[in-house]
Protein chains: 4
Amino acid sequence: MTDSKARARGADKRRRLMTATARVLHQQGVERTTIADIAHAAEVPVGNVYYYFKTKDELVRAALSEHADHLDRLTGELDRMPDPLERLKALVAGWISQRDIAARYGCPTGTLAVELDKRAEGDMDLEAGKVIRSLLDWVERQFREVGLPHPDDLALTFVGAYQGMSLLANALRDPEIMTREGNRLIRWLDALPEHGQRGGSDPCCR
Amino acid sequence: MTDSKARARGADKRRRLMTATARVLHQQGVERTTIADIAHAAEVPVGNVYYYFKTKDELVRAALSEHADHLDRLTGELDRMPDPLERLKALVAGWISQRDIAARYGCPTGTLAVELDKRAEGDMDLEAGKVIRSLLDWVERQFREVGLPHPDDLALTFVGAYQGMSLLANALRDPEIMTREGNRLIRWLDALPEHGQRGGSDPCCR
Amino acid sequence: MTDSKARARGADKRRRLMTATARVLHQQGVERTTIADIAHAAEVPVGNVYYYFKTKDELVRAALSEHADHLDRLTGELDRMPDPLERLKALVAGWISQRDIAARYGCPTGTLAVELDKRAEGDMDLEAGKVIRSLLDWVERQFREVGLPHPDDLALTFVGAYQGMSLLANALRDPEIMTREGNRLIRWLDALPEHGQRGGSDPCCR
Amino acid sequence: MTDSKARARGADKRRRLMTATARVLHQQGVERTTIADIAHAAEVPVGNVYYYFKTKDELVRAALSEHADHLDRLTGELDRMPDPLERLKALVAGWISQRDIAARYGCPTGTLAVELDKRAEGDMDLEAGKVIRSLLDWVERQFREVGLPHPDDLALTFVGAYQGMSLLANALRDPEIMTREGNRLIRWLDALPEHGQRGGSDPCCR
DNA sequence: GATGAATGAGAGTTCATTCAT
DNA sequence: AATGAATGAACTCTCATTCAT
């Protein structure tokens, strides 16, 4: 009992550190965030952070896996909807609803990927790519499920649009960009040829 | 004479520092780049850098204006083409031709914007936005020139697609993403309703 | 019963910690060894170490007393040999047989003495001296027993040679130094004037 | 002029740092010495130390080369004496005259070798061995010059005796050990068979 | 104008020791 | 007695910026 309580407390702290790290890294960026910042955000003494994560790199990795988990949960929920295109539209709706955060800090995974790309050490740049890849794969599956041709290209366009609009919203500090581009994406999904009936599907319309 | 020579040498150094800064910041990122890195890349003694730029922030600003200049030169050249849509297609062709650099380091302006957004000091985040804004404006002008409706939305979609594909290519380290998405953009431009004849222009088809 | 068992278990742990400490300190040195290293080597939970030893210093002291015990046991066994000079020769033979360890880590007591000398706190530097002093005394007793003049000087030369050859073997990572110098010591013992018959015994010939 | 002055000042500081490092490391040991200690001893601001030595390891290496230089200077001077055995006796006399320092801190090179042996990183342990090796070689050359057989063994015994007596003097905090053993070495040198006349040279007498 | 050197404020990390159970 | 977790002081190293010539 005592033991399991302690373990629970430990796991709790670890989790607190992970979410705090994900949040703070998103807001301040990897390089501008100090271990002290993270410790403070998680309400943990600085020295104690290293009990749970041996290096700053491990914390970054933890934030990344936090984003991956979040994505898994999100797509898991969306998967409960019957229509794949509806799932994608719900995803876009979610992006729009997060427009203020996007305008202020950008896409958590996207900006992390940009920053990690500049870090020489380790292979962490590829780690961020994996999370994005996993979103790409899920989106592709939706397009494939409705029988559209070139689902991989469609996914690329779709996720690319999301990263692009997040970056622009962030760079211009304008949440409305998320709304405008988000709504366009929804209309685009609506206008897609129905369930593979028209194999033609002019590429321009993807 | 000696004076003007000195001034010329000075201007030369300044220019060398600017281009070196732009290049190195693109490759290593703002935070990972030290003044010494820049000095070394520009072949200028470290202590001397501060004669031309009083702070690191000013160097970043210089890199930004370097990118702005580059964009101006580029659009200036494109403007010599008669057809606005051809100009846009040429722009996309340029992006594709830079695919390897994009896959390795991302879009210079875009990644800089992401990094600057995380910097607390000054208002430099907005500076990067200005460069992007200026691209956006030029693109919008092209769409307007051919009489397309909602040229601002079209520009947003167009530039967003560019930033998105650059980010994805970079995160996944895959230059082919630039090719695939670039070609799609070209087909999309080709399929756009001719010169405002069809005011309808279903947004889904953008 | 349970109580005595617990005490036995406790004593066992204490002993394990002592031998582990002696071994690890010999191999890694005092400063490079963490409490965690010792705990791990002794297979004792880190937090538990402090139940048996209140500070790291006490652990070092324990290692020292471990070496003292080892020396006592060794000389105790040697004392069962009838001839003091034979005892000394057996001691040297032991040193030679340990040549690989000496070449890798030096003499446990000697290197410990060197390290402790640099520690500001406490009077532990003198503690290591005591162990060496006790070896010196035992050796002196052997020389005295055979009636040689200046047994203290002889002991100094003898033990000094041991420390010197251990340090050289270690510094040069060459176990053969132990063999060469060890054999020389044995020949030297053999050539010593018999049992005080010749009081002259030129010190140069020691 | 200005330039050469600056260079001189720089070289001066570098040298000051080297000698300070050698001294402080000898007194406090490698692990107990902080960069701040060295900076303080050399009267240099902490941050500035790193302008001259990129890491602590490099400082240790510098101390080592300082010892090597000192040895070179010493043997260089001794070489001006005509008789090799006299040179060795003068060397011993020097050791005796340093007895207080030896009793307090041990042989600079020997204790450094012991400490470096425990450091896992780099190959610095071997570096200390090189300095000792160089002393060994010089001593061997003296024995060879007088035509004694097995000059290498003699050198080993001689240098081993020095290291041994330094360690004992240090461990027991007794400078008289240097005197007693030093004088013995001198008598031993005096008693050595003259200039290879007696090839026999009983090994016990080495 | 030019430049090597100087400076000090942090940053990440380690670890002996203590705490709570 | 036992133990995972907690704590903070100290250490090495980096770097933007300034200084002296």
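Model, not experiment: these values are computed from the prediction. Below, read A as the first sequence line, B as the second, and so on, with proteins coming before strands; counting in each chain starts at 1.
With respect to A:K130 and A:E127, a salt bridge is recorded, a charged nitrogen being found less than 4.0 Å from a carboxylate O.
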Show your working on side-chain contact (heavy atoms from CB on, under 4.5 Å) between D:V131 and D:L112 and close with a plain yes or no.
-> CA-CA 11 Å; D:V131 182; D:L112 203 44; over 6 Å; no
Passes side-chain contact (heavy atoms from CB on, under 4.5 Å), B:I35 versus B:Y50? Steps please.
-> CA-CA 9 Å; B:I35 302 289; B:Y50 281 85; 3.6 Å; yes
Working for side-chain contact (heavy atoms from CB on, under 4.5 Å), residues C:T111 and D:K118 = CA-CA 10 Å; C:T111 57; D:K118 311 298 188 194; 3.9 Å; yes
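Mapping C:V49 and D:T33 onto DNA chain F by nearest heavy atom places C:V49 closer to the 5' end of the strand. Along DNA chain F, the nucleotide nearest D:D57 and the nucleotide nearest B:K54 are compared for position; the residue whose nucleotide lies closer to the 5' end is D:D57. Each of C:R32 and A:I35 was assigned the nucleotide of DNA chain E with the nearest heavy atom; the assignment lying further toward the 5' end belongs to A:I35. Closest-nucleotide positions on DNA chain E for A:A36 and C:A36 were compared, and the one nearer the 5' end corresponds to A:A36.
With sequence neighbours left out, C:Y105 forms a ring-ring contact (aromatic ring centres under 6.0 Å, His included) with C:H26. In this structure, the salt bridge (charged side-chain N to carboxylate O under 4.0 Å, His left out) partners of B:D117, at least two apart in sequence or on a different chain, are A:R104, A:R173. Judged as a salt bridge (charged side-chain N to carboxylate O under 4.0 Å, His left out), and not counting sequence neighbours, the contacts of D:R119 are D:E31, D:D57.
When A:T55, A:T33, A:L116, A:T21 are each tested for a side chain to side chain contact (heavy atoms under 4.5 Å, CB included) with A:V60, only one passes: A:L116.
One atom, CD of B:E31, and another, P of E:dG12, lie 12 Å apart when rounded to the nearest Å. Atoms CG (A:D37) and P (E:dA11) sit 7 Å apart, rounded to a whole Å. Summarising the geometry, the separation between CZ on A:R16 and P on F:dA6 is reported as 9 Å, rounded to the nearest angstrom. The distance between atom CG of B:L17 and atom C1' of E:dA2, rounded to the nearest whole Å, is 13 Å. At whole-Å resolution of the value, CZ in C:R14 and C1' in F:dA1 are 14 Å apart. Summarising the geometry, the separation between NZ on A:K56 and C1' on E:dT13 is reported as 12 Å, rounded to the nearest angstrom. We find that OH of B:Y52 is positioned 12 Å from C1' of E:dT3, with the value rounded to whole Å. The distance from atom CG of C:L25 to atom P of E:dA16 is 11 Å, rounded to the nearest whole Å.
Within the structure, no pair that satisfies the ring-ring contact (aromatic ring centres under 6.0 Å, His included) test touches residues 108-129 of chain C, not counting sequence neighbours.
Regarding contacts with the backbone of E:dT17, a side-chain N or O of C:Y50 is found under 4.0 angstrom from either OP1 or OP2. Between B:Y51 and E:dG1 there is a side-chain polar atom (N or O) within less than 4.0 angstrom of OP1 or OP2. Of the side-chain N and O atoms in B:K13, none sit less than 4.0 angstrom from OP1 or OP2 of E:dG1.
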Go ahead and write out DNA chain E as dot-bracket, 5' to 3': ( ) for pairs within the strand, [ ] for ones crossing earlier pairs, | when the partner sits on another strand, dots for unpaired; Watson-Crick or G-U wobble, both distances under 3.5 Å.
-> .||||||||||||||||||||
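Between the side chain of C:D69 and the main chain of C:E66, no donor-acceptor pair closer than 3.5 Å is present.
Contacts of residues 38-48 of chain B with DNA chain E (heavy atom under 4.0 Å): B:P45, B:G47, B:N48.
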